[in-house]
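Notes for the one structure printed next.
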Amino acid sequence: MILILNGPNLNMLGKREPQVYGNTTLEDLEALCEDWAGDLGSSATCRQSNFEGQLLEWIQNASEEGFTGIVINPGALTHYSYALRDAISSQTLPVIEVHISNVDAREAFRHVSVTAPVCKGKISGLGVLGYKLALEYFLGGE
Ligand code: DQA
């Protein structure tokens, strides 16, 4: 059972800069993630918030809620939220960071991720497929 978290502004997917983030809406993305996890014999619970504190609480409680891994696209919080970094490193579940766009090919401020060093890994620039690859890592077996 995997927790998928999307951070600030990702509720605007499909409407927001489609040349950068594509045409898939958050609703579409969440349905895809649920299907992909189902195909892998498990389930995904998808949540989105524009509020840092809400994301922290979901991460803090993920283990007690029974999740076995977290996939997170922290949006712009990636680049500066030490609180999010501490929440990730304070709990025991593996976390994979996903970015739809290639953050390393964009503005300099996006080249820094304060959260990636405390994650299992980071997938960037592969569009919504990044979420599928993260689910395969957690659920795919051999
Ligand atoms: C993003 C990249 C971030 O730099 C940006 O602030 C986002 C989305 C991505 O998915 O490509 O909100 O995380």
Side-chain angles (χ1 to χ4, degrees), residues 1-140:
M1 196 164 97
I2 304 300
L3 178 62
I4 302 204
L5 297 179
N6 281 295
N9 295 307
L10 290 158
N11 57 312
M12 300 301 288
L13 279 179
K15 295 171 228 153
R16 169 194 191 201
E17 302 176 83
Q19 71 284 4
V20 177
Y21 298 111
N23 296 307
T24 306
T25 65
L26 178 65
E27 199 183 2
D28 295 338
L29 172 62
E30 292 182 339
L32 282 168
C33 288
E34 285 160 16
D35 285 352
W36 288 329
D39 291 345
L40 291 161
S42 186
S43 64
T45 295
C46 301
R47 299 174 185 164
Q48 187 275 333
S49 181
N50 291 324
F51 299 95
E52 184 180 28
Q54 175 65 85
L55 294 165
L56 301 189
E57 289 186 359
W58 284 333
I59 292 167
Q60 289 167 2
N61 297 331
S63 212
E64 291 88 271
E65 283 197 75
F67 295 108
T68 53
I70 302 173
V71 178
I72 186 166
N73 182 344
L77 293 172
T78 306
H79 312 304
Y80 65 89
S81 175
Y82 298 116
L84 187 59
R85 177 192 168 112
D86 284 350
I88 293 169
S89 63
S90 302
Q91 54 86 56
T92 51
L93 296 178
V95 178
I96 298 180
E97 179 170 314
V98 171
H99 298 285
I100 293 168
S101 66
N102 180 355
V103 284
D104 295 301
R106 300 181 64 198
E107 301 95 320
F109 77 87
R110 293 185 209 276
H111 301 178
V112 175
S113 171
V114 300
T115 45
V118 292
C119 290
K120 183 80 191 168
K122 169 177 135 177
I123 301 168
S124 168
L126 304 182
V128 296
L129 190 61
Y131 294 80
K132 185 180 189 203
L133 295 171
L135 284 167
E136 283 180 356
Y137 175 81
F138 281 136
L139 303 173

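Order of listing sets the numbers, starting from 1, for every ligand and every atom in it.
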Note to self: Among H79, K122, E97, R85, exactly one meets side-chain hydrogen bond (donor to acceptor under 3.5 Å, both in side chains) together with T115. Which residue is that?
What the structure shows: E97
Margin query: Looking at E27, I want to see if its CD is surrounded by more than 12 non-hydrogen atoms of other residues, nucleotides or ligands under 6.0 Å.
Written below: no
Note to self: Can you tell me if F109 has over 12 outside heavy atoms packed within less than 6.0 Å of its CZ?
What the structure shows: yes
Item checked: Exercise: do Y21 and N9 side chains pair donor with acceptor under 3.5 Å -> no
Item checked: I123 backbone acceptor or donor facing H99 side chain under 3.5 Å -> no
Item checked: Sequence-distant partners of S81, side-chain hydrogen bond (donor to acceptor under 3.5 Å, both in side chains), two or more places apart -> E52
Checklist line | Amino acids contacting ligand 1, non-hydrogen cut-off under 4.0 Å | finding: R16, Y21, N73, G75, A76, H79, H99, I100, S101, V103, R110
